[in-house]
Amino acid sequence: MDQAEFASVLEAARVGADWAWSRLYADLAPPVLGYLRTRGAAEPEDLLGEVFLQLARNLPNFSGDYGGFRSWVFGIAYHRVIDERRYRALRPTDPGDVPESSDVQNDPADLAAESLTTAAIVALLGTLTAGQRDVLLLRIVAGLTIDEVATVMGKRVGAVKALQRRGVRELRQRIDGVPLDARSPVARVR
Amino acid sequence: MSGHLNHRDVEELLQGRSGVELEALAPVVEHLRLESTASVDAAVAASHVALAAAAARSSEPAAVNGSSARRIPDPPRRRTVFAGLFSSILVKIMIGAMALAGATVGAGVAGVLPEPVQNFVDDHLIGLDLDQEQVRLQDQTRLQDQIQLEEQLRIEEHLRLQDQVKLQAKNQLVDGRPGDDDGFQNKAQTQGQSENQVQEQNQVQTQEQVQSETQTQSENQVQNPDGHGESQQGSGDTAPGSDGTSGNGH
């Protein structure tokens, strides 16, 4: 979506035009839904609806180009996932929750290597820290730049780069079967 | 395998151009990239779009910069809200002030207020009628006291006159005493009896006269209870009468 088209769509979306919202939804819903799924949301489609609802409510406060708009939308999704995580932590009744830590019975690296399913990849990403996972998902699934990821997560660019590098190294060690003892002291502490 | 990862290698991996160092991660990254093209159910998408459009329309007046809807203010509603709040506050203040004033007056009538406040209430709020009634009672009391005093003075005057008459009678008897004692004693007894009779008659007449004058003054005072000067004038009028009575007593 180029800037001219985005400007007209945004203006129409602000007054509640259905066609504008259909256009925005068609453009943004798939990556947002992918991010929510890989992030481990329990009900990703419901959460997607909540993201767009909050987007519609907060749209008057937005100003910027399409890239900024995408970052803004993923920022809403990022915080919605955190809210959902906290809510589920207070009410742990859903057995389908994906654990945050690496307490996975089957080795997720084996699962990811044998069959690349979304569940397996989610389990593999579950071995990472939350920051590493968020950075990688926002970079790969959402297609955001490092600066945009830093803006979404409220971190400095250098911190985002460090999280990204450590996350990739963790994934490679998992898949390549590098034992945990071979990790760096910083990784063991983390 | 556990070699150092530089930023460029990671960026190439994330861009889908992984080198040998990270080629094991390339399928994972590719699968994640495909997740960004996940399709959404058509019905779910339609409901999401409808909800988002409706939410945008509901928040649209405050949203659109320069639109006609945003330029339309909503002052009447705000004014109404503030007017209602203001009137409500005024009503509450008035009710509270009235209740406070009523309680103060009630406590002032009961006389249980602190001394300065009680003095103020007595002087300015409830003291007017009480003062008038008090002045009227004081006038009546003073009038009665004056009447009693005049009566006592009159009685004392009569007694003094009677003593003078007795003394004169004795002096006359002493001056005109005969040679023999019997005749002198008989005359003295006879004259003593006559003097006693005269004194009794004078006393009865004096008492009747005093009573009549007292009744007259009381009637005058009852007819003019507020007229303090008139009562004094009336008492002055009765004084010559009393003198006349004493003259008659002689």
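In what follows, chains carry the letters A, B, and so on, assigned in the order in which the sequence lines appear, proteins first and then strands, with residues in each chain numbered from 1.
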Taking side chain as everything from C-beta outward and backbone as N, CA, C, O, which of these in [X] sits under 4.5 Å from a heavy atom of chain B? Side chain, backbone, both or neither.
X	result
A:Thr38	side chain
A:Tyr35	neither
A:Ala142	neither

Is there side-chain contact between [X] and [Y], with heavy atoms separated by less than 4.5 Å?
X	Y	result
B:Val49	A:Phe52	no
B:Arg57	A:Asp18	yes
B:Val29	A:Leu171	no

> For the residue pair B:Ala55 and A:Ala56, what are the closest heavy atoms and their distance?
Replying inline: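 Nearest heavy atoms, B:Ala55 then A:Ala56: CB-CB, 3.8 Å.
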
> Which pair of heavy atoms, one from A:Glu45 and one from B:Val44, lies closest together, and at what distance?
Replying inline: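 Shortest heavy-atom separation between A:Glu45 and B:Val44 comes out as OE1-CG2, 3.9 Å.
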
> Do you know which of A:Leu55, A:Leu24, A:Leu48 has the most heavy-atom pairs with chain B at a distance under 4.5 angstrom?
Replying inline: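 It is A:Leu48.
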
Reported [atom1]-to-[atom2] distance for the pair [X] and [Y], which is rounded to 0.5 angstrom:
X	Y	atom1	atom2	answer
B:His48	A:Asp46	NE2	CG	6.5 Å
A:Arg37	B:Leu32	CZ	CG	13.0 Å
A:Ile121	B:His31	CD1	NE2	4.0 Å

